[in-house]
Amino acid sequence: MSTALIILAAGQGSRMNSDLPKVLHEVANAPLFAHALAAGGSLAPERTVLVVGHGGDLVEAAALRIDDTIAIARQTEQLGTAHAVAQAREALDGFDGDVMVLYGDTPFVSAGTLERMTAARATHDVVILGFEAADPARYGRLVVNGDKLERIVEYKDADPATRALTLCNSGVVCADAATLFSLIDAVGNDNASGEYYLTDIVEIAWKTGKTATAVSCDEAETLGINTRAELARAERLFQTAKRAEALENGVTLTAPETVFFSLDTYVGRDAIVEPNVVFGPNVTVESTVRIRAFSHLEGCHVSMGATVGPYARLRPGAELSNNAHVGNFVEIKNARIGEGTKVNHLTYIGDAEIGDGTNIGAGTITCNYDGVFKHKTTIGKNAFIGSNTMLVAPVTVGDDAMTASGSVITTNVEAGALAIARAKQVSKPGLAVRMFEKLKSAKKKAQKGQ
Ligand code: UD1
Ligand code: MG
């Protein structure tokens with residue numbers, strides 16, 4: 001059965017106390033809605049519709065940056081969750097599979113839970129995700145009878161006996177498209193909030209000859225974000241889970257609690273990550289790589305056997321080939337570092353292509369920016385760049401070439417050549433001794449005068 005996702009993200013999130021729409025606040029360097037998107041992605045959805053309202057333009061732009069096939073539906077007035085889902089009808093025109101409704105502010109629903117919901121569709125028309133709440137507070141209550149979910153009662157509309165129920169509504173709903181939209185058509189707003197409740201579809205289903213059931217998950221999966229404190233807690237929970245997952249997958253983390261991952265970080269088996277490493281978005285690290293302490297990586301790829309750090313910074317577009325070495329206080333941006341190539345100390349490599357087996361000496365800088373344009377540096381294989389070489393791009397250094405330390409290289413160096421581009425050394429015999437004497441006597445004079 002094909003699946004479509006509807007992600008509700010129109011709410012303002014006033015308790016975030018922010019100019020930014022709630023779903024754009026980030027956990028693990030990804031906007032909240034991207035977490036729901038990732039969980040739903042496991043169902044290989046044929047279509048995805050994001051329902052936006054408050055800050056809709058910003059949310060739309062962020063969504064399309066992640067996936068430009070996402071359909072955006074506008075909910076101009078927030079009249080309730082059923083009304084929000086109704087806005088997705090047009091984008092799902094002609095779709096006749098199952099629809100999974102998720103909340104954009106609820107990041108931790110697991111792929112496994114969603115799969116259990118789609119499996120429950122085999123026996124029931126409407127499947128609702130519920131959870132046993134430690135503190136049911138103001139959640140909607142699920143009224144069940146055996147495997148039947150009879151109705152959902154919103155807290156505001158519940159009598160004391162119903163409020164005493166602890167099985168609560170997470171908000172996640174699964175039903176086939178035709179059923180979902182026909183049930184929604186029958187939802188009214190005659191309730192304590194004057195809103196169109198999505199939860200009403202359960203009772204309407206039974207009245208119209210359809211069936212409904214509830215699938216349960218752990219409460220942790222249903223955590224919704226409403227405040228900055230909850231956002232911080234979600235970050236903590238995410239990092240704890242991702243660290244455990246990395247360990248489980250065969251990654252050594254020397255001090256797991258000091259390593260920070262992004263939603264999409266991939267680290268291969270038998271990689272070693274030392275303390276205080278931060279993985280920004282879009283990082284893939286192959287197996288057997290060693291990331292040494294205090295390194296910061298984003299938008300980069302590190303191939304097998306490479307080592308990074310301590311104190312290295314890999315920025316977007318950094319591509320390290322097998323067994324490359326990037327050492328302390330080295331920054332790499334938009335550059336490919338060849339196989340076995342070493343960039344070990346105090347260096348900036350930006351907008352560059354460096355071949356295999358090359359050594360980049362301490363203090364080398366690719367001068368890639370002229371104040372207006374960025375330029376490329378190309379270095380061949382088995383080359384040797386002397387310490388403190390300035391490579392003024394655009395410039396090419398050929399295979400097996402060398403640059404003398406302290407050189408400012410402004411023109412191409414041909415293969416096999418040694419380029420020396422620095423002032424010639426001059427030595428003045430005895431001048432140092434005479435200079436010292438002069439300076440010392442000047443100091444004595446000055447002290448007497450005080
Ligand atoms: C909803 C459920 C409740 C459940 C709770 C779980 C209903 C009527 N109630 O209540 O049973 O226990 O979630 O957290 O569904 N949204 C829109 N447009 C709207 C209204 C809401 O996009 O017009 C979005 C919000 O941005 C949010 C989600 O839908 O992501 C839920 O809305 P919210 O107002 O938080 O619903 P609750 O009152 O918490
Ligand atoms: Mg809510």
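For the single chain, residues carry numbers from 1 onward in sequence order. Order of appearance sets the numbers: ligands from 1, and atoms from 1 within every ligand. FYI, side chains are in, hydrogens and waters are out, and symmetry mates aren't considered; it's all heavy atoms of this structure.
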For atom 2 (C) of ligand 1, the closest protein heavy atom turns out to be Tyr103 OH, 3.6 Å
Can you find a protein heavy atom closer to atom 13 (O) of ligand 1 than 4.0 Å? yes
Which of the ligand 1 atoms, numbered from 1, are nearer than 4.0 Å to a heavy atom of Asp105: 27 (C), 30 (O)
Kindly determine whether His35 and Phe238 satisfy ring-ring contact (aromatic ring centres under 6.0 Å, His included), including the steps that lead there. CA-CA 10 Å; His35 290 255; Phe238 175 91; 5.8 Å; yes
Tell me if the centroids of the rings in Tyr139 and Phe131 come within less than 6.0 Å of each other. yes
Counting non-hydrogen protein atoms only, what is the nearest one to atom 38 (O) of ligand 1? Give residue, atom name and distance. Glu154 OE1, 4.8 Å
Go through it in stages, so that I can follow the logic: the residues are Thr69 and Asp67, the test is side-chain hydrogen bond (donor to acceptor under 3.5 Å, both in side chains), and I'd like the CA-CA distance, side-chain angles, deciding distance and then a yes or no. CA-CA 5 Å; Thr69 69; Asp67 177 355; 2.7 Å; yes
Location of contacts on Ser170 toward ligand 1, heavy atoms closer than 4.0 Å: backbone
Within the protein, is there a heavy atom lying under 4.0 Å from atom 18 (N) of ligand 1? yes
What atoms of ligand 1 come closer than 4.0 angstrom to any heavy atom of Leu8? 22 (O), 24 (C), 29 (O), 30 (O)
I'd like to check which ligand 1 atoms, numbered from 1 as shown, lie under 4.0 Å from a non-hydrogen atom of Ala84. 17 (C), 18 (N), 22 (O)
Does some non-hydrogen atom of the protein lie less than 4.0 angstrom from atom 35 (O) of ligand 1? no
For Gly11, the ligand 1 atoms with a heavy-atom partner under 4.0 Å come out as 22 (O), 26 (O)
Ligand-residue contact atoms, ligand 1 with Gly140, heavy atoms, under 4.0 Å: 3 (C), 4 (C), 11 (O), 12 (O)
Asn169 heavy atoms within 4.0 Å reach ligand 1 at atoms 2 (C), 3 (C), 4 (C), 5 (C), 6 (C), 11 (O), 12 (O)
Numbered in order shown, the ligand 1 atoms found under 4.0 Å of a heavy atom of Tyr197 are 8 (C)
Given Tyr197, which of Thr81, Asp157, Asn189 fulfils the side-chain hydrogen bond (donor to acceptor under 3.5 Å, both in side chains) condition? Asp157
Nearest-0.5 Å distance that lies between atom CD in Glu257 and atom OG1 in Thr240: 10.0 Å
Of Thr81, Val153, Leu142, the residue with the heavy atom nearest atom 29 (O) of ligand 1 is Thr81
Proximal atoms of ligand 1 relative to Tyr139 (non-hydrogen, under 4.0 Å): 6 (C), 12 (O), 14 (O)
Protein heavy atoms near atom 9 (N) of ligand 1, is at least one of them under 4.0 angstrom away? yes
Protein heavy atoms: any of them under 4.0 Å from atom 26 (O) of ligand 1? yes
Parallel, tilted or perpendicular: which one describes the rings of Tyr311 and Phe294, with boundaries at 30° and 60°? parallel
